[in-house]
Q: 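Sharing a structure here in structure tokens format.
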Amino acid sequence: MKQIIRELIDQALGACRQDGLLRVSEQPAYVIEAPRNKDHGDFAANIAMLLAPQEKKSPREIAQIIAGKIEGKSAVVSRVEIAGPGFINFHLSPGAWYAGFQELEVQGDRFGSSGIGKGEKVQVEFVSANPTGPLHVGHGRGAALGDALATILAFAGYDVQREYYINNVGIQMQNLGRSVYLRYLELLKKEIVFPDGLYRGDYIIDIAKEVILKYGKRFTEMPEAEALSFLTEFSSSLILNGIKDDLEQFGVQFDNWFSEKVLFERGDVQSSIDELKAKDLAYEHDGALWFRTTSFGDEKDRVIIKEDGNTTYFASDIAYHREKFSRGFKQVIDIWGADHHGYVPRIRGVLTALGIPEDAFTVILVQMVNLLRGGKPVAMSTRSGEFVTLREVIQEVGKDAARFIFLTRRSDAQLDFDLEVAKKQSDENPVYYVQYGHARICSIIAYAQEKNVSLPVFQDIDPGLLSSPEEQEIIKKLAQFPEVVSGSAQSCEPHRIAIYLMELVGQFHSYYAKYRVITEELAMSTARLYLINGIRCVLKNGLALLGVTAPEKM
RNA sequence: GCGCUUGUAGCUCAAUUGGAUAGAGCGUAGCCCUGCGGAGGCUAAGGUCGCGGGUUCGAGUCCCGCCAAGCGCGCCA
């Protein structure tokens with residue numbers, strides 16, 4: 001619809017130039033938008049204000065000239081007016097919106113999808129938590145965001161891959177193995193000292209118990225190094241399986257689980273280092289090998305091989321990101337916890353060094369989650385092991401509520417997650433508001449069937465009957481959905497869809513309260529049934545993009 | 001100390017990416033079922049958009065300076 005308006009304006013500008021009314025030596029990038037205020041029409045353009053400096057006329061005067069060339073040119077536009085500082089407001093004829101109806105009807109489940117992604121390969125990497133402990137709420141936020149974003153991008157025509165990077169190399173893994181080993185010995189009544197820095201959570205003891213069940217005492221009889229090596233492997237794969245289960249329960253499925261170990265086994269880490277050396281971007285100093293990240297805007301250079309000869313995690317990440325792009329992704333999106341933000345310049349530096357275009361890489365930082373219960377903070381200390389796991393949250397409040405709460409907020413703002421509020425199946429909890437709307441419509445459709453009013457197609461209805469202000473607003477709102485989806489994809493902001501759904505369902509609920517859908521008048525009943533079925537379809541599509549179910553009954 | 005992010009109604013959050021009179025929910029005060037789902041609807045009160053400058057036709061949005069909160073600033077991951 002915007003496109004049609006844009007064409008009208010462009011044509012008018014051409015006509016003005018031809019008639020010598022305006023110079024338009026340089027056409028500014030103007031905006032067409034749906035004004036907040038209904039009195040300002042269906043669309044507004046700011047072209048006249050932008051043109052004012054070069055035309056040396058007042059914006060309103062220019063607007064008047066342009067409007068003169070638009071008036072009566074199209075059946076779509078019923079009225080054009082000049083308002084405010086020089087906006088050109090377009091009022092559309094009611095029939096203009098019917099196109100949106102038909103699109104919705106034809107596309108059904110695909111309504112809202114688009115081809116703006118042009119089939120480009122995009123990777124979204126998210127969660128990527130170390131397999132040293134269960135996922136917590138913060139990971140849940142990243143999971144909901146990454147998963148929804150991936151779905152939305154796919155809907156917008158990108159070829160999307162979801163990837164989880166498994167950090168299964170390094171000191172933290174050894175710490176995990178040692179933690180389990182010590183708890184194991186402890187359970188077998190050996191004297192132990194449990195040092196700081198190891199994992200204290202109860203889940204470590206659970207793993208140790210499982211080891212005893214499966215393998216008995218045998219690790220007390222073998223050399224410590226051998227036992228540690230086995231237990232590290234055993235524990236991390238056990239934890240990783242737990243993570244996979246949790247994510248599945250949360251409705252998240254990855255296409256690829258990428259293991260850091262593989263980078264070493266295939267020699268990717270070594271070859272990355274070689275490449276940096278060859279480009280003179282790495283140098284030796286104090287017995288370590290440094291990467292010249294300062295050349296790319298970082299605060300200081302960073303170590304990639306330590307004095308003791310081991311590589312840093314940074315070395316792995318260089319290799320990993322290099323490897324990602326070698327797989328042909330046009331766009332790589334990493335979702336990180338905000339506590340890693342200091343890491344962004346480093347990785348950007350790496351990519352620049354490797355000759356990867358800056359805009360091919362996006363980092364989305366997801367801010368912390370403050371877990372509350374009835375307004376009071378819940379202790380979340382990883383070291384002491386006192387934290388609420390994602391699994392517990394899902395069990396307590398449900399997948400849909402948790403996901404929706406994460407996805408109604410922008411990712412770069414901190415989020416208060418109150419378990420008591422999330423659990424309430426009412427007012428304070430918007431997910432039920434949206435789902436309830438969907439269920440309500442399904443129920444009306446079922447009722448209509450009972451009354452022998454079957455679900456109509458566009459040809460069956462008289463759209464002119466949908467003339468109340470509420471109905472007109474709903475029709476427009478439905479037509480906006482595709483733009484909301486593509487905007488959400490391009491800005492990597494899934495929350496826009498959640499907000500839109502709450503607005504749409506709000507319109508529906510008040511419409512429902514004011515007008516009766518199924519009455520004695522068949523023509524009116526059919527038209528209204530058609531309208532609310534359109535709402536149902538959009539609610540369902542929108543919820544699907546967020547990974548939230550759209551129940552027919554609740 | 002330096003850097004990143006945030007600051008909008010009593011609370012939790014939006015605001016079409018620079019647009020016209022800043023909006024929802026909760027909470028508060030009232031009200032609405034003889035009708036398809038009351039997990040709903042209607043009305044009211046509630047704002048110095050952290051503070052101060054600047055940019056321009058126009059700023060919650062961009063720039064600068066303060067203030068506050070969170071997070072970073074390792075040859076840890």
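Basis for what follows: all heavy atoms, side chains included, without hydrogens, waters or symmetry-related copies. In the text below, chain A, chain B and the rest are named by the order of the sequence lines, each starting its count at 1.
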Q: Scan A/K514 against the nucleic acid and name what it touches under 4.0 Å (heavy atoms): base, sugar-phosphate only, or nothing.
A: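 A/K514: no heavy atom of the nucleic acid under 4.0 Å.
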
Q: Separation of A/R36 atom CZ from B/rG18 atom P, in whole Å?
A: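 Nearest whole value for this atom pair: 13 Å.
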
Q: List, with names and distances, any nitrogen or oxygen atoms from the protein found under 3.5 Å away from nitrogen or oxygen atoms belonging to nucleotides 3-6 of chain B.
A:
residue	atom	partner	partner atom	Å
B/rG3	N2	A/H341	NE2	2.4
B/rU5	O2'	A/Q367	NE2	3.2
B/rU5	O2'	A/D412	O	2.8
B/rU6	OP1	A/D412	OD2	3.3

Q: Can a side chain N or O of A/K306 be found less than 4.0 Å away from OP1 or OP2 on B/rC76?
A: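 True: A/K306 side-chain N/O within range (under 4.0 Å) of B/rC76 OP1/OP2.
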
Q: Is the closest basic N to carboxylate O distance between A/K324 and A/E125 below 4.0 Å?
A: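 Salt bridge between A/K324 and A/E125, a charged N being under 4.0 Å from a carboxylate O: yes.
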
Q: Can you measure A/R302 atom CZ to B/rG72 atom C1' for me and round it to whole angstrom units?
A: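 It works out to 11 Å between those atoms.
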
Q: Are OP1 or OP2 of B/rG74 and a side-chain N or O of A/Y343 less than 4.0 angstrom apart?
A: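 Answer is no, no contact under 4.0 Å.
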
Q: Can you measure A/Y512 atom OH to B/rG35 atom P for me and round it to whole angstrom units?
A: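 After rounding, the gap between these two atoms is 11 Å.
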
Q: Give a yes/no answer on whether the side chain of A/H495 brings an N or O atom under 4.0 Å of OP1 or OP2 in B/rA15.
A: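 Indeed, a polar side-chain atom of A/H495 lies that close.
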
Q: Taking CD from A/E470 and C1' from B/rC42, how many angstroms apart are they, rounded to a whole number?
A: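 In whole Å, B/rC42 C1' and A/E470 CD are 12 Å from each other.
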
Q: Using heavy-atom distances to pick each residue's nearest nucleotide on RNA chain B, tell me which of A/Q172 and A/F417 is more 5'.
A: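 Comparing both residues, the 5'-ward one is A/F417.
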
Q: By the 4.0 Å heavy-atom rule, please label A/M368 as base, sugar-phosphate, or nothing.
A: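 Sugar-phosphate, backbone atoms only, no base.
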
Q: If we take the C1' atom in both B/rG19 and B/rC62, what is their distance in whole Å?
A: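 My reading of the C1' atoms in B/rG19 and B/rC62 gives 14 Å.
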
Q: Just N and O in the side chain of A/K451: are any of them under 4.0 Å from OP1 or OP2 of B/rG35?
A: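 No, outside the criterion.
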
Q: Mind jotting down which residue pairs meet the side chain to side chain donor-acceptor pair (under 3.5 Å) criterion with at least one end in residues 363-379 of chain A? Sequence neighbours excluded, please.
A: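 Only A/N370-A/D416, A/R373-A/E396, A/R373-A/E420 qualify under side chain to side chain donor-acceptor pair (under 3.5 Å).
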
Q: Taking atom types as they are modelled, is there a donor-acceptor pair under 3.5 Å from the base of B/rA20 to the side chain of A/N89?
A: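 Donor-acceptor pair under 3.5 Å: yes.
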
Q: May I ask you to check whether A/Y432 and A/F404 place their ring centers less than 6.0 Å from one another?
A: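 Ring-ring flag for A/Y432/A/F404: false, centres at least 6.0 Å apart.
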
Q: May I ask you to test the A/L415-A/F406 pair for a side-chain heavy-atom distance under 4.5 Å?
A: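 They are in contact (side-chain heavy atoms under 4.5 Å apart), so the answer is yes.
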
Q: Base, sugar-phosphate, or nothing for A/E493, non-hydrogen atoms under 4.0 angstrom?
A: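 Base contact - A/E493 has a heavy atom under 4.0 Å of at least one base atom.
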
Q: Can you say whether the rings of A/Y343 and A/H340 are parallel (under 30°), tilted (30 to 60°) or perpendicular (over 60°)?
A: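 Geometry flag for A/H340 against A/Y343: perpendicular rings.
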
Q: Starting from the 5' end of RNA chain B, give me the residue, A/K2 or A/V517, whose nearest nucleotide shows up first.
A: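 Upstream on the strand: A/K2.
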
Q: Is the NZ or CZ atom of A/R6 positioned over A/Y30's six-membered ring, under 6.0 angstrom from the centre and within 45° of the axis?
A: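 Judged by the rule, A/R6 and A/Y30 form a cation-pi pair.
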
Q: Searching all strands shown, indicate the nucleotide that pairs with B/rG35 (Watson-Crick or G-U wobble; both distances under 3.5 Å).
A: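 The base-pairing partner of B/rG35, which may sit in any strand shown, does not exist here.
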
Q: Counting only pairs under 3.5 Å, give me each side-chain donor-acceptor contact of residues 473-484 of chain A, with atom names and distances, residues two or more places apart or in other chains.
A:
residue	atom	partner	partner atom	Å
A/K476	NZ	A/D42	OD1	2.6
A/K477	NZ	A/E503	OE1	2.6
A/E483	OE1	A/K2	NZ	3.4

Q: Find the partner of B/rG65: check Watson-Crick (N1-N3 plus N6-O4 or O6-N4) and G-U wobble (N1-O2, O6-N3) distances, both under 3.5 Å, and reply none if neither fits.
A: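 With both distances under 3.5 Å, B/rG65 matches B/rC51.
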
Q: Could you label the plane-to-plane angle of the A/W336 and A/H321 rings as parallel, tilted or perpendicular, counting under 30° as parallel and over 60° as perpendicular?
A: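 Correct class here is perpendicular.
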
Q: Does B/rA29 have a Watson-Crick or wobble mate here (both distances under 3.5 Å), and if so which one?
A: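 Looking at the geometry, B/rA29 pairs with B/rU43.
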
Q: When we call it a touch if two heavy atoms are under 4.0 Å apart, what does A/Q490 touch: a base, just sugar-phosphate, or nothing?
A: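 No contact.
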
Q: Quick one: A/E503 CD to B/rG23 C1', roughly how many Å, whole number?
A: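 It works out to 9 Å between those atoms.
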
Q: Going by purine N1 to pyrimidine N3 plus the second Watson-Crick contact, or the G-U wobble pair, all under 3.5 Å, which nucleotide sits opposite B/rG58?
A: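 With both distances under 3.5 Å required, B/rG58 matches none.
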
Q: Describe, in one word, how the ring planes of A/F291 and A/F296 are oriented to each other, choosing from parallel (under 30°), tilted (30 to 60°) and perpendicular (over 60°).
A: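 The arrangement is tilted - the two ring planes meet at 30° to 60°.
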
Q: What is the separation between atom CD on A/Q480 and atom C1' on B/rU16, rounded to the nearest whole Å?
A: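 Between C1' of B/rU16 and CD of A/Q480: 8 Å.
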
Q: Grab the CE-C1' distance between A/M502 and B/rC26 for me, whole Å please.
A: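 Computing the A/M502:CE to B/rC26:C1' distance gives 13 Å.
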
Q: Reckon A/R409 touches a base, only the sugar-phosphate, or nothing at all at heavy-atom distances under 4.0 Å?
A: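 A/R409: backbone/sugar contact only, no base atoms under 4.0 Å.
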
Q: Does a nitrogen or oxygen in the side chain of A/S510 sit under 4.0 Å from OP1 or OP2 of B/rC42?
A: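 So the side-chain polar atoms of A/S510 do come within 4.0 Å of the phosphate oxygens OP1 or OP2 of B/rC42, strictly under.
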
Q: Whom does B/rG74 pair with, Watson-Crick or G-U wobble, provided both distances fall under 3.5 Å?
A: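 Per the H-bond distance test, none.
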
Q: To the nearest angstrom, how far is A/Y515 atom OH from B/rC33 atom P?
A: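 Value for this atom pair: 19 Å.
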
